[in-house]
Amino acid sequence: MPSFFSNKKLIVLLVSIIVLVALIGYSLSDRERLTWAERFLHDSVGWVQSIVMRPAHLVAGFFEEVSELRHLYEENQTLKARLEEYAQISVERNVLKEENESLREILDLEESLSDYRMRNAVVTFRSPDRWNEAIGINIGSQHGVEDDMAVVSSNGYLIGKIQRVSEFSSRVQLLTDTDRTNRVSARIDGDDKAGPVGFIEGYDDETGLLVMRKLEMDAEIEPGQLVSTSGLGTVYPRGIIIGEVERVEPDEYGLTQNAYIRPYADLLSLDYVIVIERLSTAMDPELIEEGGL
């Protein structure tokens, strides 16, 4: 039987185990400095880990950024949808607010103009080619509307008269229509007495002012004075406010004065109007012969 020490492989194995245990015990001991072998091993492992971890971190960061971008996109879409919903609600609120204000003005006007027969109407048509000439409304002869009835805005300012009537709709000729037959007998209100009377029969496109003609040369007219219907024609009742005097100048012949009137009604933006049927039959025969309105 061979001797124990004659087995070289077994001896080498045992020595290796002893050395390994000693190294493990030495490495686990509480030491301030590492051996060169330990430092080499630590550095090698750290270098390998950095090489492996960098791509891993890059890949993980890429997928994390993709996920974050997707989340931001979904959040952005949600915010856009809410903004669109808010814009729609805002528009609807403004429309309802305007309608409410117009209806309130109509109710107030009905109380102050109870001497007239009034019919409320909605503007349904306005031609871009004839913007300053006429509008269409949603009431006609079936509602009692007739030619030459006066029409005012929702807040009671004069805008024109009925020009043509069909069964369920009508055409309104505006004060800004430059047709020579479009005339309004108007009065400039004085402080303590009735002011001069003339005819509104023109419109200045550049300034947006109505032209009031045939005012006496000696009539004292100042900017800011109120202008209203005189009631002397066959169409417009007396006292409907038209606007105020902007400026006064002699006519081209120097015989009368022309007053330029700033209309109170917003003739460029009309949604609701009121048709007024004049109940009074008082009129000036001379004005009728001249074709006064």
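Note that the structure is a prediction, hence the values are computed from the model and not measured.
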Find the distance between [atom1] ([X]) and [atom2] ([Y]) and round it off to the nearest 0.5 Å.
X	Y	atom1	atom2	value
Leu174	Ile135	CG	CD1	5.5 Å
Ile241	Leu226	CD1	CG	5.0 Å
Ile274	Ile137	CD1	CD1	11.0 Å
Leu215	Phe199	CG	CZ	10.5 Å
Lys214	Leu255	NZ	CG	11.5 Å
Asp271	Ser153	CG	OG	11.0 Å

Do [X] and [Y] come close enough that some side-chain heavy atom pair is under 4.5 Å?
X	Y	answer
Ile242	Leu210	yes
Val172	Val273	no
Asp179	Gln173	yes
Pro263	Leu175	no

Option passing side chain to side chain contact (heavy atoms under 4.5 Å, CB included) with Ser170 (candidates Val165, Thr124, Asp147):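 Only one of Val165, Thr124, Asp147 forms a side chain to side chain contact (heavy atoms under 4.5 Å, CB included) with Ser170, namely Val165.
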Result of checking Asp148, Ile139, Val151 against Ile162 for side chain to side chain contact (heavy atoms under 4.5 Å, CB included):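 Output: one option passes, namely Val151.
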Same cluster (ILVMFWY, side-chain, under 4.5 Å), Leu209 and Val184: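 Different clusters.
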Can you see which heavy atom on [X] is nearest to which on [Y], and at what distance?
X	Y	answer
Leu232	Ser185	CB-OG, 3.9 Å
Val248	Val245	CG2-CG1, 3.8 Å
Tyr236	Arg183	CE1-O, 4.0 Å
Ala150	Val235	N-CG1, 4.1 Å
Thr176	Tyr203	CG2-CE1, 3.3 Å
Gly239	Ser228	C-CB, 4.1 Å

Neighbour count above 12 (heavy atom, 6.0 Å) for Arg247 CZ: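 Atom CZ in Arg247 is crowded, with more than 12 foreign heavy atoms closer than 6.0 Å.
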Neighbour count above 12 (heavy atom, 6.0 Å) for Glu220 CD: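 Incorrect, the count does not exceed 12.
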Okay, side chain of [X], backbone of [Y]: is any donor-acceptor separation there less than 3.5 Å?
X	Y	value
Asn182	Asp177	yes
Gln163	Arg171	no
Ser141	Val145	no
Glu246	Arg262	no
Thr229	Ile240	yes
Asn138	Val122	yes
Gln257	Ala219	yes

Polar side chain donor-acceptor pair, Thr256 to Asp251, under 3.5 angstrom: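 Looking only at side-chain atoms, Asp251 and Thr256 do form a donor-acceptor pair, the distance falling under 3.5 Å.
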side-chain contact (heavy atoms from CB on, under 4.5 Å) assessment of Tyr260 paired with Val211: CA-CA 5 Å; Tyr260 290 84; Val211 184; 3.7 Å; yes
Pair Arg119 + Glu277, salt bridge at N-O below 4.0 Å: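 Counted as a salt bridge, because a side-chain N and a carboxylate O are separated by less than 4.0 Å.
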